[in-house]
Amino acid sequence: RKLFFDTHALVCLLEENGFTARQSEVIVSALVKIMNTNLDMIYKDMVTKVQQEIALQEVMSHIGGVKKDMIILEKSEFSALRSENEKIKLELQQIKKQVMDEIAKVRADNKLNLNLEKSRVKELHAQQDRALTKTDRKIDTEVADLKTMLESHKLDNIKYLAGSIFTCLTVALGFYRLWI
């Protein structure tokens, strides 16, 4: 250890200011002991360059170990995330398949309902057509009956007319014979 001040100069300074040689040496000796004690305390808390390099190497090795652990964790986390992602993809595919099945069922139900409605409409049209045909036949039958009745009345009218004409002629001939 080196002291960075001159102890002899301090002794001389103390002697010049009224201390005896013995007192000056004791004071300087006490100061040296105090400084050595303080330096010991400081040195206990201080680290040497070699110790610092060793500590640095230990810290670096710990950092390297932590890096390796982090890389391993990252890989394991990445693989865990990848497997979780695969699980989610599978679940998504299953849900997609279920949705597609449901859509197919709904489409099939809609087609069935549409076909049923078409057949009901066709049946309704067929019923309407039968009713119309029946009504047309009734109308045609009624018209034919009316024509027949009209012809019959026409013939009756012609008979009555012919009978009336012949009766009038007979009466006129009878009057003519009577007057002639």
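When a residue number appears, it is its place in the shown sequence, counting from 1. On a predicted model such as this, the values are computed, not experimentally measured, just so you know.
Contacts of Gln51 classified as side-chain hydrogen bond (donor to acceptor under 3.5 Å, both in side chains), with partners at least two apart in sequence or in another chain: Thr48.
Between atom CD1 of residue Ile103 and atom CG of residue Asn110 there is a gap of 11.5 Å, rounded to the nearest 0.5 Å. With rounding to the nearest 0.5 Å, the separation of CG in Leu90 from CD1 in Ile95 is 11.0 Å. Rounding to the nearest 0.5 angstrom, the gap separating the OG1 atom in Thr135 from the CZ atom in Arg137 is 10.5 Å. Here NZ of Lys96 is found 12.5 Å from CG of Asp101. Values are rounded to the nearest 0.5 Å. Note that CG of Asn38 is 14.0 Å distant from NZ of Lys33, once rounded to the nearest 0.5 Å. If you take CD1 on Ile88 and CD on Glu84, they are separated by 5.0 Å, rounding to the nearest 0.5 Å.
The cluster map of Ile, Leu, Val, Met, Phe, Trp and Tyr, joined by side-chain heavy atoms under 4.5 Å apart, puts Ile27 and Met35 in the same cluster.
Using a 4.5 Å heavy-atom threshold, the side chains of Leu146 and Leu150 count as separate.
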Practice problem: Check the pair Leu31, Thr7 against side chain to side chain contact (heavy atoms under 4.5 Å, CB included), reporting the backbone distance first and the verdict last. | Solution: CA-CA 9 Å; Leu31 280 175; Thr7 55; over 6 Å; no

Quiz item: What's the verdict on side chain to side chain contact (heavy atoms under 4.5 Å, CB included) for Lys67 and Met70, showing C-alpha distance, side-chain angles and the deciding distance?
Solution: CA-CA 5 Å; Lys67 279 184 182 179; Met70 287 183 68; 5.6 Å; no

Quiz prompt | Derivation and outcome, side chain to side chain contact (heavy atoms under 4.5 Å, CB included), residues Met149 and Asp145 | solution = CA-CA 6 Å; Met149 193 187 304; Asp145 286 345; 5.8 Å; no

Exercise. Determine, stepwise, if the pair Cys12 / His8 fulfils side chain to side chain contact (heavy atoms under 4.5 Å, CB included).
Key: CA-CA 6 Å; Cys12 291; His8 180 64; 3.6 Å; yes

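Residue Met60 belongs to a hydrophobic cluster whose other members are Leu56, Val59, Ile63, with links defined by side-chain heavy atoms closer than 4.5 Å. Side-chain contacts under 4.5 Å among hydrophobic residues (ILVMFWY), followed directly or transitively, place Val50 together with Ile54. By the 4.5 Å side-chain criterion applied to Ile, Leu, Val, Met, Phe, Trp and Tyr, Leu116 is assigned to a cluster that also includes Leu112.
The neighbour count for Gln52 CD, taken as heavy atoms of other residues, nucleotides or ligands under 6.0 Å away, does not exceed 12.
Residues Ser24 and Leu14 approach most closely at OG-CB, 3.2 Å, considering heavy atoms.
Among residues at least two apart or in separate chains, salt bridge (Lys or Arg N to Asp or Glu O under 4.0 Å) pairs with a member in residues 117-127 are Glu117-Arg120, Glu123-Arg130.
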Please list every donor-acceptor pair under 3.5 Å in which a side-chain atom of residues 156-180 meets a protein atom from a residue at least two apart or in another chain.
from: Asn157; atom 1: ND2; to: His153; atom 2: O; distance (Å): 3.4
from: Ser164; atom 1: OG; to: Tyr160; atom 2: O; distance (Å): 2.7
from: Thr167; atom 1: OG1; to: Gly163; atom 2: O; distance (Å): 2.5
from: Thr170; atom 1: OG1; to: Phe166; atom 2: O; distance (Å): 2.5

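Remark: side-chain polar atoms of Glu25 are not paired, donor with acceptor, to backbone N or O of Arg22 under 3.5 angstrom.
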